[in-house]
Amino acid sequence: MKKNFGEYVRIARGFFGCSSFWRGNGHFLYVKGNGFLLPFSEEYFRFEFLKVQSVVATKTARGTVTSILSGAGAIVAALLVVASISGLDGSPSDPVLYVMAVLLILFAMGFLAVIAVNIVMGPTCVVRIQTAVRAETIRPLLRWRLAKEVLVSMQTEIELAQVSALGKTPEPEQPMARPSVPETSVELPPIPSSLPEES
Amino acid sequence: MISCAKCEIPLPFDSQGTPEYCPNCRRSCVGHQFPAALTTTGEISKPAESVNVLGEASCFYHDTKRAVVACDGCGRYLCSHCQADWLGRTLCLGCIHTQREVKGAGEFQSRVTLYDNVALSLLILPFLTLIYGFFLVMFTAPVALYLVVRHRNASRGIVPRGRWRLVLAGALSIFVVLAWVGFIVAAVFFG
Ligand SMILES: [Zn+2]
Ligand SMILES: [Zn+2]
Ligand SMILES: [Zn+2]
């Protein structure tokens, strides 16, 4: 996936590029992918700086829970590998046990990879943007460390835009001003009855 | 109002900002409430200056507001309140509506179906059933091929996406269809 296109610069992207979050001119763009493994459709949400009411990140235990479940899965897979290898006895069922052992080792490595990603990327979180009309969870911002960084820069930009817009907005409607005509008219020189002939 | 992003319970906050923990679910929170939340409409509209010099161009939609830009779609003069930046173009709301509803232009939609991914999934997901995938794909590949041909020029959304998924899905589905046709022909004539 590109890092920027047109006016947009990518802030974050989700798993498999399913959803992404971008900064544009005066707004954020949230691309929400819906699907299974690959996104089958995309929804687009524009969050204008002037319409954002709040952004909140809440730390969650999802990363820890998936790590624990993956650890359990890896242990189970490893035990099954040992069981299938110890079942090797030179009988015709040996090739099946070999294939099973290889598949189980792959599963175990997958579980360990999940744990490794969780350790490297740190704790998980949920980020929500609230406007007058909707509240949306920004799925690509799922890591607490990244979300805190992004929130700081979002706060600065949104606050700046809103405060400067508020500073200009209260402008009373005034009737259109006309150029004023002085009361005392200055004596104009009399218009000559005929133009002087050019010599 | 500012709510916990997880349990959606409003967070109490003072002039110092939000608390570090949600009082309901006890999870750590960081967040910020902006001035828009405190306005009566819940949002801040773009400031637009009034026309104050006679003869100055005014907005097509607001004749008391000063025009700052012309719409790239229809050329009407717009005040800063009425202008909308849309993928590098300045448009009025009327033109955005026309593009979205009447012309159905892809970059103006709020939702796009990614037919390339749907076609690829039809070819890949059957293999989640392992060995049965080889039979299932006999039925899903023609559907994938139909989608690729039918939607070859469909919008692939706002974020630029290459054509490679569509090409790959087309090539794979043709391969699968040919392989099955060959297999059936071979079975009928030589089997
Ligand atoms: Zn909470
Ligand atoms: Zn227009
Ligand atoms: Zn206007």
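Numbered from 1 within each chain, the chains take letters A, B, ... in sequence-line order.
- In this structure, the portion of A:E7 lying under 4.5 Å from any heavy atom of chain B is its side chain and not its backbone.
- Around atom CG of A:L106, more than 12 heavy atoms belonging to other residues, nucleotides or ligands sit under 6.0 Å away.
- The distance from the CD atom of B:E20 to the NZ atom of A:K59 is 11.0 Å, given to the nearest 0.5 Å.
- Between the side chain of A:Q53 and the backbone N or O of B:G42 there is at least one donor-acceptor pair closer than 3.5 Å.
- B:S110 OG to A:E42 CD: the interatomic distance, rounded to the nearest 0.5 Å, is 12.0 Å.
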Item to complete: Report the C-alpha distance between B:V30 and A:W144 in whole Å, list the side-chain angles of each, state the deciding distance to 0.1 Å, and finish with yes or no for side-chain contact (heavy atoms from CB on, under 4.5 Å).
Response: CA-CA 10 Å; B:V30 286; A:W144 177 242; 4.1 Å; yes

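- Both A:Y98 and A:L80 sit in one connected hydrophobic cluster of ILVMFWY residues. Membership requires side-chain heavy atoms under 4.5 Å apart, directly or through other members.
- Residues B:I158 and A:W22 form no side-chain contact, since every pair of their non-hydrogen atoms from C-beta on lies 4.5 Å or further apart.
- The shortest distance between side-chain heavy atoms of B:I2 and A:V56 falls below 4.5 Å.
- By number of non-hydrogen pairs under 4.5 angstrom with chain B, the leading residue of A:A57, A:G24, A:A61, A:G6 is A:A57.
- B:E43 and A:A132 make their closest contact through OE1-CB, 4.2 Å (heavy atoms, listed as atom of the first residue, atom of the second, distance).
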Item to complete: Check step by step if side-chain contact (heavy atoms from CB on, under 4.5 Å) holds for B:H32 and A:L151.
Response: CA-CA 9 Å; B:H32 196 72; A:L151 249 64; over 6 Å; no

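- When the shell of 6.0 Å around CZ of B:F127 is examined, it contains more than 12 heavy atoms from other residues, nucleotides or ligands.
- The shortest non-hydrogen separation linking A:V55 to B:F34 is CG2-CE1, 3.6 Å.
- Nearest heavy-atom pair across A:V126 and B:A5 is O-CB, 3.4 Å.
- What you find for A:L50 and B:A36 is that their closest heavy atoms are O-CB, 3.7 Å.
- Enclosure of atom CZ in A:F5 by more than 12 non-hydrogen atoms of other residues, nucleotides or ligands within 6.0 angstrom is indicated.
- Between chain B and the residues A:H27, A:K51, A:E43, A:Q162, the most heavy-atom pairs under 4.5 angstrom are made by A:Q162.
- When heavy atoms are compared at a cutoff of 4.5 Å, A:F40 approaches chain B by way of both its backbone and its side chain.
- The number of heavy-atom neighbours closer than 6.0 Å to CZ of A:F49, taken from other residues, nucleotides and ligands shown, is above 12.
- One distance of note links CG of A:L38 with CG of B:L114; it measures 9.5 Å at 0.5 Å rounding.
- Taken together through direct or relayed side-chain contacts under 4.5 Å among Ile, Leu, Val, Met, Phe, Trp and Tyr, B:F135 and B:L123 form part of one hydrophobic cluster.
- Taking chain B as the reference chain and counting heavy-atom pairs below 4.5 Å, the highest number among A:R46, A:M154, A:Q130 is found for A:R46.
- Looking at A:V31, only its side chain comes within 4.5 Å of chain B, counting heavy atoms on both sides.
- There is no path of hydrophobic side-chain contacts, each under 4.5 Å, that joins B:V149 to B:Y115.
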Worksheet item: Under the side-chain contact (heavy atoms from CB on, under 4.5 Å) criterion, do A:T60 and B:K6 qualify, and how do the steps go?
Response: CA-CA 8 Å; A:T60 60; B:K6 183 69 188 172; 3.8 Å; yes

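- Proximity to chain B (any heavy atom under 4.5 Å) is shown, for A:F45, by neither the backbone nor the side chain.
- Side-chain contact between A:E159 and B:P35 is present, with heavy atoms from C-beta onward closer than 4.5 Å.
- Note that CD1 of B:I44 is 4.0 Å distant from CG of A:L166, once rounded to the nearest 0.5 Å.
- Within the 4.5 Å cutoff, side-chain heavy atoms of A:Y44 are placed close to those of B:V112.
- For A:R10, no part lies near chain B; criterion is any non-hydrogen pair under 4.5 Å.
- Hydrophobic clustering keeps B:V185 apart from B:L178 (ILVMFWY residues linked when any side-chain heavy atoms are closer than 4.5 Å, directly or through intermediates).
- Interface residue B:L128: only side-chain heavy atoms are found under 4.5 Å from chain A.
- Hydrophobic clustering (ILVMFWY, side-chain heavy atoms < 4.5 Å, transitive): A:V152 and A:F21 are in distinct clusters.
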